[in-house]
Amino acid sequence: MELPEQRPRPPPSSRHSPTYRALLAAGPRLRPLKQVHARLVVSGLYRSRPLLTKLLTFAGDAGPSAASYARLLFNAVTDPDAFLFNSLIRVSSKSGLSAEALLFYRRMWMAGLPRSNYTFTSVIKACADLSALRVGRVVHSHLLVDGFDSDCYVQTALVALYGKSGDIFVARKIFDRIPSPSLVAWNTMISVYEQNGLTQEAIRVFHMMKDVKVEPDSATLVSLLSACCHVGDLHLGKWVRNYVADRGLDLNVILGTSLINMYARCGQVHKAREVFDELPNRNVIAWTAMISGYGMHGHGDQAMELFRQMRRCGLVPNDVTFVAILSACAHSGLVSEGQEVFECMKLDYGLVPREEHYVCMVDMLGRAGFLDEALQFIHNSVPGVPGPAVWTAMLGACKMHRDFDLGVKVAEQLLAVDPENPGHYVLLSNIYALAGRMGRVESVRDIMIHRGLKKQIGYSSVEVDNAAHVFHMGDTSHPQTMAIYHFLEQLIRKMREVGYAPEIDSVMHELEEEEREFALRFHSEKLAIAFGIMSTRDGALIRVVKNLRMCDDCHTAIKFMSVVASREISVRDKHRFHHFKDGLCSCQDFW
DNA sequence: ATAGGGTTAG
């Protein structure tokens with residue numbers, strides 16, 4: 001009987017020399033590579049450029065620690081050629097050593113070696129990772145001189161470079177010049193829009209891509225899901241979910257994590273959990289996403305349970321995981337649990353708390369009403385000068401528990417630490433108003449006008465007829481504007497009849513007195529909800545996503561809306577979900 | 001015989 005030949009890997013092409021075959025068999029694994037390296041040196045083949053280049057690229061792909069080994073290989077060569085430089089530049093930028101990649105590009109140029117499209121893709125990627133637009137433009141001019149501007153790989157890299165540096169118009173211009181963009185080029189353009197906050201444009205480009213029959217892959221879908229998160233487009237999110245299932249696409253951990261995040265941020269935390277349970281491979285990031293999802297919905301106990309389970313499974317939580325779990329504790333009033341977690345972070349995992357962790361702790365103590373403890377924590381436990389985020393959390397607690405005198409002191413601290421942020425002036429002004437110090441309100445307003453500081457622009461989006469509709473404060477751009485305002489007026493009248501009284505104090509201070517109530521009535525979330533109620537069938541859930549934190553008045557008003565319109569209304573603000581039903585909010589007013 | 005572009009968690 002003939003025995004099958006025992007071979008661990010398929011045989012590399014027999015045209016290759018034994019040494020080259022050994023190299024291919026080693027692959028991007030450090031130990032086998034070093035063995036082949038030794039063999040090269042012993043057999044005197046070390047001067048072979050192709051062998052050396054292949055060795056170097058494999059070394060570069062062999063994990064983060066291998067980059068220095070690749071460097072070592074390169075430095076042993078006295079007269080490196082263009083191929084070897086290209087490999088080294090690529091390896092450097094891939095391992096996050098972008099600045100070194102640029103230095104090697106310079107050395108290559110000084111050595112008088114010819115640059116190719118291969119050179120440029122790697123160098124441009126290095127520039128993109130550094131957001132080094134000025135250097136990037138110089139490199140761009142080099143490639144124009146050398147005539148590589150119609151190479152599709154180079155064009156795609158340029159789109160990413162300009163996109164990452166924030167110059168989306170140039171990115172789009174380059175993209176539009178690509179005759180028939182590849183899947184990767186489409187993905188790059190979509191992600192550029194998404195990363196720059198132009199969600200609607202990202203979705204539009206995705207539809208253009210579908211129109212020209214380019215099949216999306218998992219990278220496309222990951223960007224698309226991120227877009228769904230931004231505007232709360234659950235319909236599109238579900239479409240992605242079905243697309244993955246119908247095509248039998250591999251539910252890899254990145255795509256799976258994006259789906260978990262999408263469901264959680266679109267208000268369907270149980271669906272997020274379903275995806276989480278289905279995921280074949282779960283890493284720390286997937287666990288963190290799920291924990292954070294529970295936290296956002298005020299399910300601190302479930303977040304804690306998952307955190308414990310994660311540790312039992314032997315996974316190592318990282319600093320981001322701790323932000324998620326601490327924030328979950330803060331939003332659910334789990335003070336002693338949170339304090340334990342904070343200690344565990346330092347003792348069991350040797351992590352050094354960052355500002356965000358301190359913010360969570362202050363937030364947690366403050367929300368729960370332990371204002372003195374929170375202040376003490378700032379003074380005793382936060383190292384160095386506490387940053388603006390710490391004071392903002394403290395200020396939120398002062399407002400929530402109506403200690404306006406302390407609030408004023410905290411807000412003044414906040415402004416002292418970061419005098420450039422317009423949002424901080426608004427906070428200071430609001431707390432002065434709440435403390436009844438109207439003279440101060442006026443002077444803060446004058447300072448803002450004098451220094452030309454503007455508030456961040458708020459928006460809310462609501463899903464109607466399977467599409468996200470975006471509203472700004474006092475928005476009149478919607479085709480049904482008149483009807484929406486009329487409907488909202490009527491709604492507010494009914495709300496007043498059952499006891500709603502607008503809280504004028506919540507209005508941004510820079511408006512004139514008579515404008516205040518008007519502005520309050522037309523905050524973007526109120527417009528979005530009015531449009532949602534008038535455009536959907538009785539009893540349908542209204543889902544709104546807002547980019548900023550809701551104001552006090554809106555929070556109260558929406559409770560009344562849920563009563564007079566008999567609707568459940570879910571609002572995701574900057575920090576968490578608010579689920580309004582029968583005049584109550586799921587956050588139990590702890591927000 | 002040698003080298004390519006895009007994607008994830010607060």
Side-chain angles (χ1 to χ4, degrees), chain A residues 12-13 15-17 19-21 23-24 45 48-58 60 80-91 93-94 115-125 128 148 151-161 163-164 175 178 181-192 194-195 216-226 229 252-262 264-265 282-293 295-296 317-328 354-357 359-360 389 574-576:
Chain A
S13 163
R15 291 182 292 115
H16 295 142
S17 73
T19 323
Y20 194 78
R21 288 210 300 261
L23 193 50
L24 290 179
L45 282 168
S48 156
R49 285 313 152 91
L51 283 174
L52 201 54
T53 310
K54 193 75 192 160
L55 178 62
L56 192 120
T57 45
F58 271 149
D81 65 358
F83 276 88
L84 209 55
F85 262 111
N86 289 343
S87 291
L88 184 66
I89 292 170
R90 164 112 197 97
V91 164
S93 81
K94 226 172 154 180
R115 301 169 296 208
S116 71
N117 41 359
Y118 286 88
T119 320
F120 285 117
T121 49
S122 305
V123 178
I124 296 166
K125 179 180 161 43
F148 290 112
D151 179 279
C152 65
Y153 287 87
V154 173
Q155 286 169 321
T156 303
L158 283 172
V159 172
L161 164 70
K164 274 191 187 147
F175 177 78
I178 305 177
S182 67
L183 172 61
V184 176
W186 283 105
N187 287 350
T188 307
M189 196 63 239
I190 293 171
S191 118
V192 159
E194 177 44 33
Q195 309 264 314
D217 71 351
S218 84
T220 326
L221 302 179
V222 167
S223 285
L224 203 56
L225 286 169
S226 171
C229 286
N252 66 45
V253 68
I254 297 178
L255 185 55
T257 303
S258 300
L259 277 168
I260 291 171
N261 205 29
M262 181 277 293
R265 298 180 72 110
R282 292 180 294 217
N283 62 12
V284 193
I285 302 176
W287 283 85
T288 304
M290 195 61 235
I291 291 171
S292 146
M296 239 187 290
N318 62 23
D319 54 337
V320 184
T321 314
F322 279 102
V323 174
I325 187 68
L326 288 173
S327 144
R354 284 185 290 115
E355 179 168 37
E356 283 135 305
H357 301 105
V359 171
C360 286
K574 196 175 180 183
H575 295 294
R576 62 164 294 158

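Just so we're on the same page: letters track the sequence lines, and every chain starts at 1.
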Heavy atoms under 4.0 Å, any strand shown: does [X] hit a base, just sugar-phosphate, or nothing?
X	value
A:Ser87	sugar-phosphate
A:Thr188	sugar-phosphate
A:Lys164	sugar-phosphate
A:Ser116	base
A:Glu194	nothing
A:Thr321	nothing
A:Asp151	base

As an exercise, state the distance from [atom1] of [X] to [atom2] of [Y], rounded to the nearest 0.5 Å.
X	Y	atom1	atom2	value
A:Leu56	A:Leu52	CG	CG	7.0 Å
A:Asn261	A:Leu225	CG	CG	9.0 Å
A:Thr188	A:Leu158	OG1	CG	11.0 Å
A:Thr53	A:Phe85	OG1	CZ	12.0 Å

When the distance from [atom1] of [X] to [atom2] of [N] is rounded to whole Å, what number comes out?
X	N	atom1	atom2	value
A:His357	B:dG10	NE2	C1'	9 Å
A:Tyr153	B:dG5	OH	P	9 Å
A:Leu183	B:dG4	CG	P	19 Å
A:Leu221	B:dT7	CG	P	15 Å
A:Met290	B:dG10	CE	C1'	15 Å
A:Met296	B:dA9	CE	P	11 Å
A:Arg354	B:dA9	CZ	P	14 Å
A:Arg49	B:dA1	CZ	C1'	14 Å

Consider the side chain of [X], meaning its heavy atoms from C-beta on, and name the nucleotide among [options] that approaches it most closely.
X	options	result
A:Pro50	B:dG4, B:dA1, B:dG10	B:dA1
A:Tyr20	B:dA1, B:dA9, B:dT8	B:dA1
A:Thr57	B:dA3, B:dG10, B:dG4	B:dA3
A:Phe83	B:dG5, B:dA3, B:dT8	B:dA3
A:Lys54	B:dT8, B:dA3, B:dG5	B:dA3
A:Asp81	B:dT2, B:dT7, B:dG4	B:dT2

Would you state whether a donor and an acceptor, one from the side chain of [X] and one from the base of [N], lie under 3.5 Å apart?
X	N	value
A:Asn318	B:dA9	yes
A:Thr257	B:dT8	no
A:Thr288	B:dG10	no

OP1 or OP2 of [N] sitting under 4.0 Å from any side-chain N/O of [X]?
X	N	value
A:Gln195	B:dT8	yes
A:Arg90	B:dG4	yes
A:Asn252	B:dT7	no

**Prompt:** side-chain hydrogen bond (donor to acceptor under 3.5 Å, both in side chains) with A:Arg354: which residues, sequence neighbours excluded?
**Reply:** A:Asp319, A:Glu356

**With sequence neighbours excluded, residues passing salt bridge (charged side-chain N to carboxylate O under 4.0 Å, His left out) with A:Arg282** = none

**Message:** Using a 5.5 Å cut-off between ring centres and planes within 30 degrees, is A:Tyr118 stacked on the base of B:dA3?
**Reply:** yes

**Prompt:** Taking the inter-plane angle between the rings of A:Phe175 and A:Trp186 on a 0 to 90° scale, is it parallel (under 30°), tilted (30 to 60°) or perpendicular (over 60°)?
**Reply:** perpendicular

